[in-house]
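Since the structure comes first, as C-alpha cells, the remarks are kept for the end.
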Amino acid sequence: MADPKGFLNHGREVARSRPVEERKKDWNEVYVPGSLLPIISKQASRCMDCGIPFCHNGCPLGNLIPEWNDYAYREDWAAASERLHATNNFPEFTGRLCPAPCESACVLGINQPAVTIKNVEVSIIDKAWETGDVAPQAPERLSGKTVAVIGSGPAGLAAAQQLTRAGHTVAVYERADRVGGLLRYGIPEFKMEKRHINRRIEQMRAEGTRFRTGIEIGRDLKATDLKKRYDAIVIAAGATTARDLPVPGRELKGIYQAMEYLPLANKVQEGDYVTTPISAEGKHVVVIGGGDTGADCVGTAHRQGAASVTQLEIMPRPGEDRAPHQPWPTFPMLYKVTSAHEEGGERVYSVSTTHFEGDEDGNVQWLHLTEVEFIDGKLTPKPGTERKIPAQLVTLAMGFTGTDRENGLVEQFALELDERGNIARDADFQTNVPGVFVAGDAGRGQSLIVWAIAEGRSAARGCDRFLTGASDLPAPIRPTDRALMV
C-alpha cells in the first residue's frame, strides 16, 4: 500500500491549467506541461488500497488502480507503466479524455474528494514515454491467420494491437486520410495533442500492424470482397450517424453537425488548410447539446475568435453534488465545468429550439427557443417563454443514433441489428456472420473511450479464439455489461 495516512495528510490537487487568455491563442493542451510530477506522488499516496477497490468496478478496463498508485507513490515508474499497460493499451488517451468513472467509484470519495486517478494515470504514461518504457511488443511467432479491422478509433486500435501481439497479421482500414477515428478528428487538439496518437501508431507499425487509410468499406471496397481476403474481420466503425434537429429553418446555411465542424479545425492543425472552411470568427455561435462534444465546439469557437458562444441543453442543469438516486459508487450526473467553459460563453439549460430564422441570402441569423419543463414525465414547452438569440453559426452536438447505414457495410455483410439499431453480437462479440466480430460504439452504441478500449480487447479475444480454437487474451467485459449507474 502507499502511505497509510496519505488521504489524511494530503488534500486533492489536480493538474494546473494555463491562463485562459494564453491558451485561447493557441491549440496546445490546456494544462501546464510538467505540473503534475511534483505533486503526483502525494496524490497517489491518497489511495487507501481498499479491501474491495470499487474503482475497479467503475472502470470497464479493470485497471489495477491501487497497484499503480502504489508504484507512482514510490516513483517506480517502470513498474507503474507495466501495471498500467496490463489492462489498458492506450492510457495516454484515457488519461486525457475519459470522464473518470473510476473516481466516482473511489471509496475515498464517499466523504472526501476522490483520488486523482486520472492524473496519476497520465503522469505514469507520460513518464513511461519519456524514459523509453513504452516499446513495441512484436509477437514471437506468426499464426498464419489474417484479420481486417474496420475503423481506427480506440476500439479498432485496441483490437488490432491485441490481435497483432497474438501473432495474427492485422490490417486496419480507415475511411479518413489519417489513423485515429474520432480521436484524430473529433477531439480538439487542446484536449489531446495528436502527437500522442502518432507515436502509438508508430509503435503498432513496429509490432506489425498495417494501416490502410482513405478506404471506406462498403463504398471503396465491398464488404464481401474484404471477407474473401481475410480469415476474420472486426468491425469497429463507431456510431457515426448523428442525431439531427428537424425543425423549420434547418436547411439554412451555417447550421452544421458537430462532426462537420470539428474535423476541419483539426485539419488546420494537421496542415491541410491555412484557415478552416467553417469558422466561428466574428460570429455569434450557438452550440446545441450540453455534453462533451458540445464543450469541444465551445472551445473551438473561442479559439477561432467567435463574437459570442451560447450552449443550449434541453435537460435541467445538474446539481453540483450527488443526487439521492445516484449514490456512490455509481457515476453521477453532475454540473461540470470543462476547460472550454472556463474560457467563456453562456450555458442555458431547460430550453428547446423551435425554429431557425435566416436572412435574404439563406444564412442563419437567429435561433428561436422556448423553455421546457417536465410535466407527467415529459418535457413540455412553458407558455410565454419563447425568445430568440443571435445565431450566425450553429453546431448540433446532440449525440449519435447508431453506426453508418449509408455506406452499405451493414447490408453487404448482411448483419443483424439489435433493438437499438446497433450491430448485434453474441457473447464472443461475434455477429450473425461467422468470423465477423464487432467492437465499440458500432455494437454498444455511443459510449466512453474506456468502454471502447475494453470492447476492442474483448472482441480481440473472441476473434483469436475463432481463429485458433483458444485464446490467452484478456476479455475485461461482456457485450451485455453496462456502466455502474442508475
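The first residue in the sequence is number 1, and the count goes up from there. Being a predicted model, the structure only gives us computed values, none of them experimental.
- Each of His341, Lys336, Glu342 was compared with Thr338 under the side-chain hydrogen bond (donor to acceptor under 3.5 Å, both in side chains) criterion, and only His341 meets it.
- The pair Glu455-Arg425 counts as a salt bridge, with a side-chain nitrogen and a carboxylate oxygen less than 4.0 angstrom apart.
- Using a 4.0 Å cut-off between charged side-chain N and carboxylate O, Asp481 and Arg478 make a salt bridge.
- Here the side chains of Glu92 and Arg200 are in contact, with some heavy-atom distance below 4.5 Å.
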- Task: Tell me, with the steps shown, if Arg18 and Asn28 meet side-chain contact (heavy atoms from CB on, under 4.5 Å).
- Result: CA-CA 10 Å; Arg18 296 187 290 129; Asn28 300 331; 3.6 Å; yes
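- With respect to Asp126 and Arg96, a salt bridge is recorded, a charged nitrogen being found less than 4.0 Å from a carboxylate O.
- You'll find the side chain of Gln137 stays beyond 4.5 Å of the side chain of Gln161, heavy atoms only.
- A side-chain donor from one of Asp231 and Thr146 sits under 3.5 Å from a side-chain acceptor of the other.
- For Arg229 and Asp225, the salt-bridge test fails: no basic side-chain N is under 4.0 Å from an acidic carboxylate O.
- For Asp133, the side-chain hydrogen bond (donor to acceptor under 3.5 Å, both in side chains) partners are Thr131, not counting sequence neighbours.
- Salt-bridge check for Glu130 with Lys127: passed, with a basic side-chain N closer than 4.0 Å to an acidic carboxylate O.
- In terms of heavy-atom proximity, Asp404 sits nearest to Glu216 at OD2-OE2, 4.0 Å.
- Here Glu121 does not pair with Lys118 in a salt bridge; the nearest charged N to carboxylate O distance is not below 4.0 Å.
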